[in-house]
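One structure is given here, and the rest of the page talks about it.
Reckoned from all heavy atoms, side chains included, excluding hydrogens, waters and symmetry mates.
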Amino acid sequence: VCVFMRFVRNVKVFKCQQFSGHNLTGFLACRDTQVSDCVSYEAKNSPFDHWNSSGYIIVSNNIVRSSSQALNQAIQVTGNDTDPITTQLLNTGLCEKIIIEGNIVDVPRSGTNSGIILNCLTENSTVKEAVISSNYVRGTHFGIVLQGKVSNVVVSSNVVKDNFIGILK
């Protein structure tokens, strides 16, 4: 992971580049984060990853490119508290107030990879109040995914191209 944070607030990441690796950013239980104008090449996992009760998230004007690597998700927000420490301290599983806009995802399709995904895989997790707009997603298996207890989401003005399934909810 290029930039990894846990339980922090007010973090801004601008103009970073990553060549290979798993995540450009990995934020666990962070609040008030922004990742903008970054580029990830040949990532193996999720270049822009927020999970474990993160909130007030902006992911904007980033680029994810790959010619051969099969990544899992390009931009991911997960409400799951998969970490036992986070579960004990926060006990929420809530990700909220999310803006994902102006990003470019251009990668090869692999398995069930996703361009942008908001997901909740456990009973106690929730993702709410999100805007996904003006993104370009090409080549992934799923373009944009809303999975589990995801609510109050506006998906608009995105270009989803050459994907097996464009938008899954």
Distance in Å, [X] [atom1] paired with [Y] [atom2], rounded so as to fall on 0.5 Å steps:
{"X": "I63", "Y": "L24", "atom1": "CD1", "atom2": "CG", "result": "12.0 Å"}
{"X": "K44", "Y": "L71", "atom1": "NZ", "atom2": "CG", "result": "12.0 Å"}
{"X": "I99", "Y": "E129", "atom1": "CD1", "atom2": "CD", "result": "11.0 Å"}
{"X": "S125", "Y": "L94", "atom1": "OG", "atom2": "CG", "result": "9.5 Å"}
{"X": "N119", "Y": "W51", "atom1": "CG", "atom2": "CH2", "result": "12.0 Å"}
{"X": "L146", "Y": "I167", "atom1": "CG", "atom2": "CD1", "result": "8.0 Å"}

Under 4.5 Å between side-chain heavy atoms, counting indirect links through other Ile/Leu/Val/Met/Phe/Trp/Tyr residues: same cluster for [X] and [Y] or not?
{"X": "I116", "Y": "Y56", "result": "no"}
{"X": "V127", "Y": "V131", "result": "no"}
{"X": "V159", "Y": "I104", "result": "yes"}
{"X": "F48", "Y": "Y41", "result": "no"}
{"X": "I58", "Y": "I100", "result": "no"}

**Report entry** Pair listing, ring-ring contact (aromatic ring centres under 6.0 Å, His included) test, anchored in residues 97-143, at least two apart
**Finding:**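 Qualifying pairs: H141-F164.
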
Requested in this report: Would you mind checking if K15 and D37 are paired as a salt bridge, meaning a charged N to carboxylate O distance below 4.0 Å?
Outcome: no

Query - Trace of the side-chain hydrogen bond (donor to acceptor under 3.5 Å, both in side chains) decision for N163 with T140 - result: CA-CA 5 Å; N163 309 85; T140 56; 2.8 Å; yes

Report task. Mind checking side-chain hydrogen bond (donor to acceptor under 3.5 Å, both in side chains) for N72 and listing every partner two or more places apart, or none if nothing turns up? Result ->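 So N72 forms a side-chain hydrogen bond (donor to acceptor under 3.5 Å, both in side chains) with N45.
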
Query - Partners meeting side-chain hydrogen bond (donor to acceptor under 3.5 Å, both in side chains) with T33 (sequence neighbours left out) - result: H50

**Report entry** CA sep, side-chain torsions, deciding dist, call: C30, V11, side-chain contact (heavy atoms from CB on, under 4.5 Å)
**Finding:** CA-CA 8 Å; C30 296; V11 175; 5.9 Å; no

Query raised in the report: Under the 3.5 angstrom rule, does the side chain of N158 hit a backbone N or O of I132 as a donor-acceptor pair?
Result: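 Yes.
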
Requested in this report: Using modelled atom types only, decide if a donor and an acceptor are shared between the side chain of N113 and the backbone of P108 within a distance under 3.5 Å.
Outcome: yes

**Report entry** Nearest atoms (heavy-atom pairs only) where V8 meets M5
**Finding:** CG2-CB, 3.4 Å

**Report entry** Exercise: identify the closest heavy-atom pair between S114 and V145
**Finding:**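 Minimum heavy-atom separation between S114 and V145: OG-CG2, 3.6 Å.
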
Query raised in the report: Does any non-hydrogen side-chain atom of V107 lie less than 4.5 Å from one of V64?
Result: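 V64 reaches V107 side chain to side chain.
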
Query raised in the report: Between S60 and S36, does a side-chain hydrogen bond (donor to acceptor under 3.5 Å, both in side chains) hold up when you go through it step by step?
Result: CA-CA 5 Å; S60 64; S36 297; 2.7 Å; yes

Query raised in the report: Given the rule in the side-chain contact (heavy atoms from CB on, under 4.5 Å) test, do E96 and R31 qualify, once you have shown the distances and angles that lead to the verdict?
Result: CA-CA 9 Å; E96 62 183 336; R31 302 302 236 183; 2.9 Å; yes

Query - Evaluation steps, side-chain contact (heavy atoms from CB on, under 4.5 Å), between T78 and C95 - result: CA-CA 7 Å; T78 302; C95 287; 5.9 Å; no

Query raised in the report: With no hydrogens and no angle check, do the side chains of Q18 and S40 hold a donor and an acceptor under 3.5 Å apart?
Result: yes

